[in-house]
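Basis for what follows: all heavy atoms, side chains included, without hydrogens, waters or symmetry-related copies. Just follow the structure's listing: the first ligand is 1, and inside any ligand the first atom is 1.
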Amino acid sequence: MGKDTKQKLGFCESNKCACLMFLVVVGAIAAVVCVTLLVEDIRDIYDHGENNSSLKWWQKTIIYQIYPRSFQDSDGDGIGDLKGIISRLDYFEYIHVDTIWLSPFFESPMKDFGYDVSNYTAIAKVFGTMEDFDELMKQAKKRGIRVIIDFVPNHSSTEHEWFNRSRHAKDDKDPFWDFYVWNDGITLANGTRVPPNNWESVFGGSAWKLDSIRNTFYYHAFLTSQADLNYRNPFVLEKIGEVIRFWMNKGVDGLRIDAIPHLFEAKDTSLNVPKPVNGEEPDTYKYTKNQPEIFNVVKQWRKIVNEFGPDRFLLAETFGIPKEERPKYYEAGSVPFYFKLIGAKNQCGATAACLQGIIQEGLDISGSWPNFVIGNHDNLRIADSMGQKYADAMNLMLLTLPGTPTTYYGEELGMKGGDYKGLPSQDPFAITSGNPNNSRDSERNPMQWNNSINAGFTSGKPWLPITTNTDYENVNVESMKTDNTSSLNLYRRLAEIRQLPAFRTTNIMFPDKVGKVLVYERYDDQTSYLIVINVDSSPQRLDLRAGDITTGVRIFSTKYVTEERIELGNIFLQPGEGVIIRMDD
Ligand code: GLC
Ligand code: MG
């Protein structure tokens with residue numbers, strides 16, 4: 001454990017606390033030893049320890065998510081593309097980000113903007129060509145930037161050649177016969193064909209669709225144009241394995257695995273999801289999510305990427321999974337995204353106690369490597385969900401927590417989402433579900449690069465307009481570069497601070513009692529830092545003296561640019577204000 005500041009900080013004054021800490025440490029060591037013995041090959045991948053030099057690249061990085069459609073257009077068609085991304089690579093050096101994750105750019109009819117792939121090893125024309133992708137890899141490597149790509153294994157587009165083969169297959173002698181999840185359904189007395197059960201699609205309505213060509217139902221967890229692959233069929237695994245090898249050979253550093261909890265459905269399709277009783281939450285995906293067969297497949301994918309060395313990274317999109325599922329993803333050789341901070345406002349008002357609870361749950365993974373996310377292409381931007389005032393504070397939190405942080409493009413500017421109320425939705429989720437509130441258009445608004453018309457995103461007509469609520473004339477990269485106190489410059493500074501050894505550890509301590517201000521300590525053997533963030537809606541005054549430590553150096557503040565020695569006994573923070581204080585010895 002780190003330097004003995006805990007007692008002094010008043011975080012942990014009693015013997016009871018010291019004793020608890022001891023138990024926690026012993027418990028953690030025991031758990032690590034246990035896991036080490038059980039899964040030796042995984043240990044190599046996920047061992048972090050206290051020693052920085054043993055950290056893998058993905059443990060030291062910030063992941064930056066690019067939604068290619070909205071990042072930078074190069075050809076004036078109003079849709080972002082690969083060449084656009086290449087033209088912006090220097091930006092990542094500027095913000096000290098050295099890993100980018102690209103949402104899908106594969107051939108697709110774009111019914112779900114690329115999450116409906118019609119060819120896994122070809123590039124959608126609207127995004128460019130395979131040469132553009134190769135150039136992107138080359139330019140990224142030149143700058144030391146790692147590239148993670150989206151991998152959408154759960155379903156393909158119904159326009160994929162595989163689906164075409166499968167719907168035309170005559171019998172099981174055809175290798176594509178069982179490539180998707182087909183089912184004859186039930187024929188009623190009056191001759192009507194109905195689905196075999198009441199399973200629902202995430203995007204609304206029955207998850208079964210009668211295919212007019214094969215005259216059989218197919219299962220789709222998402223849109224009807226996104227048919228689920230049948231992972232009980234080894235041929236599917238073989239074909240998907242080829243896709244993984246294709247991209248690994250191109251030198252990609254990792255895969256973000258889309259919608260992984262939906263990979264399997266119960267074998268027995270006569271099972272209906274029970275109706276909830278006494279106001280219980282319905283267990284809508286009881287038979288279609290979190291099925292135990294998932295992990296064997298993830299393990300196989302881990303083996304495949306290991307053919308290319310032990311350093312390739314698998315990041316699993318595990319939205320809305322129960323806590324008990326997380327260790328299984330780690331054991332299978334992937335890191336499950338921890339999403340709960342995204343919903344903090346809705347879940348529990350994003351108070352200090354709420355955030356601390358979510359963070360602690362995120363860290364409750366028996367020595368595995370943590371990760372935190374505050375935004376993505378499926379959820380409102382932080383400035384909208386939490387309020388603009390808290391945007392910098394949330395970046396401060398994200399970048400000072402243990403583990404790997406993921407930043408969604410534009411969040412480093414504290415950028416708001418587009419205001420598209422009253423406009424027809426682009427997002428098919430909103431259209432199919434008939435609920436405009438489901439639209440994900442807002443958070444997919446174009447990146448704001450400068451104060452010119454269309455914010456430098458495109459010379460044409462952007463697929464989603466830049467709306468005035470985002471204040472793009474001020475909230476844009478070029479303008480913010482010149483302002484020391486801008487969200488962008490705060491983010492850069494935080495990205496530098498993250499590189500300090502204390503932030504590379506997973507050490508974190510919370511105070512005994514949570515107040516209205518989020519407080520935690522990050523430390524290593526040498527140095528201890530206090531992170532203090534006022535997430536409340538009114539100003540707060542705090543006394544953070546700890547024994548004989550009464551002063552520290554404020555090395556970062558969302559409000560002041562310069563470092564300053566400050567009195568710990570009298571810390572005053574406006575709502576949304578946050579600081580990092582290096583504790584004096
Ligand atoms: C994931 C993606 C989402 C997509 C869905 C279906 O949840 O993040 O954008 O719509 O999968 O592919
Ligand atoms: Mg374009």
Atoms in ligand 1 flagged as close to R440, the criterion being non-hydrogen separation under 4.0 Å: 3 (C), 4 (C), 9 (O), 10 (O)
Cationic tip of R88 within the cone over W449's six-membered ring, i.e. under 6.0 Å and within 45° of the normal? yes
In terms of ring plane angle, is the pair H377 and Y408 parallel, tilted or perpendicular, where the classes change at 30° and 60°? tilted
I'd like to know if D384 pairs up with K345 as an ion pair, taking the criterion as any Lys NZ or Arg NE/NH1/NH2 lying under 4.0 Å from an Asp or Glu carboxylate oxygen. no
Considering only heavy atoms, does F222 approach ligand 1 within less than 4.0 Å through its side chain, its backbone, both, or neither? side chain
Is there a heavy atom of F113 sitting under 4.0 angstrom from any atom of ligand 1? no
Tell me, which protein residue and heavy-atom name are nearest atom 1 (C) of ligand 1, and how many Å apart are they? D258 OD1, 2.8 Å
To check your reading of the site, what angle at the Mg ion (ligand 2) do OD1 of D75 and OD2 of D81 form, to 10°? 90°
Parallel, tilted or perpendicular, judged at 30° and 60°: which one describes the rings of Y120 and F106? tilted
Numbering as shown, the atoms of ligand 1 that approach D378 to under 4.0 Å (heavy-atom distance): 2 (C), 3 (C), 7 (O), 8 (O), 9 (O)
Only heavy atoms of H155, strictly under 4.0 Å: list the atoms of ligand 1 that pass. 6 (C), 12 (O)
Heavy-atom contact under 4.0 Å between R444 and ligand 1? yes
In D73, what N, O or S atom is nearest to the Mg ion (ligand 2), if we give its atom name? OD1
Which of the ligand 1 atoms, numbered from 1, are nearer than 4.0 Å to a heavy atom of F203: 10 (O)
Residues K56 and D311 bridged, charged N to O under 4.0 Å: yes
Going by heavy-atom distance to atom 7 (O) of ligand 1, choose the closest among K111, H220, E317. E317
What part of H262, side chain, backbone, both or neither, has a heavy atom within less than 4.0 angstrom of ligand 1? neither
Classify the contact between R256 and ligand 1 as side chain, backbone, both or neither, using a heavy-atom distance cut-off of under 4.0 Å. side chain
Sub-4.0 Å atoms of ligand 1 with respect to non-hydrogen atoms of D112: 4 (C), 5 (C), 6 (C), 10 (O), 12 (O)
Report the name of the N/O/S atom of D77 located nearest to the Mg ion (ligand 2). OD1
Aromatic ring proximity W177/F235, centre distance under 6.0 Å: no
Can an N, O or S atom be found in I79 less than 2.8 Å away from the Mg ion (ligand 2)? yes
Mutual orientation of the aromatic rings belonging to W101 and F337 [parallel < 30°, tilted 30-60°, perpendicular > 60°]: tilted
Show your reasoning for whether salt bridge (Lys or Arg N to Asp or Glu O under 4.0 Å) applies to K340 and E361. CA-CA 9 Å; K340 286 208 170 158; E361 185 183 323; 2.8 Å; yes
Which of parallel (below 30°), tilted (30 to 60°) and perpendicular (above 60°) describes F163 and W182? parallel
Would you say R302 and N306 are linked by a side-chain donor-acceptor pair, where the criterion is simply a distance under 3.5 Å? yes
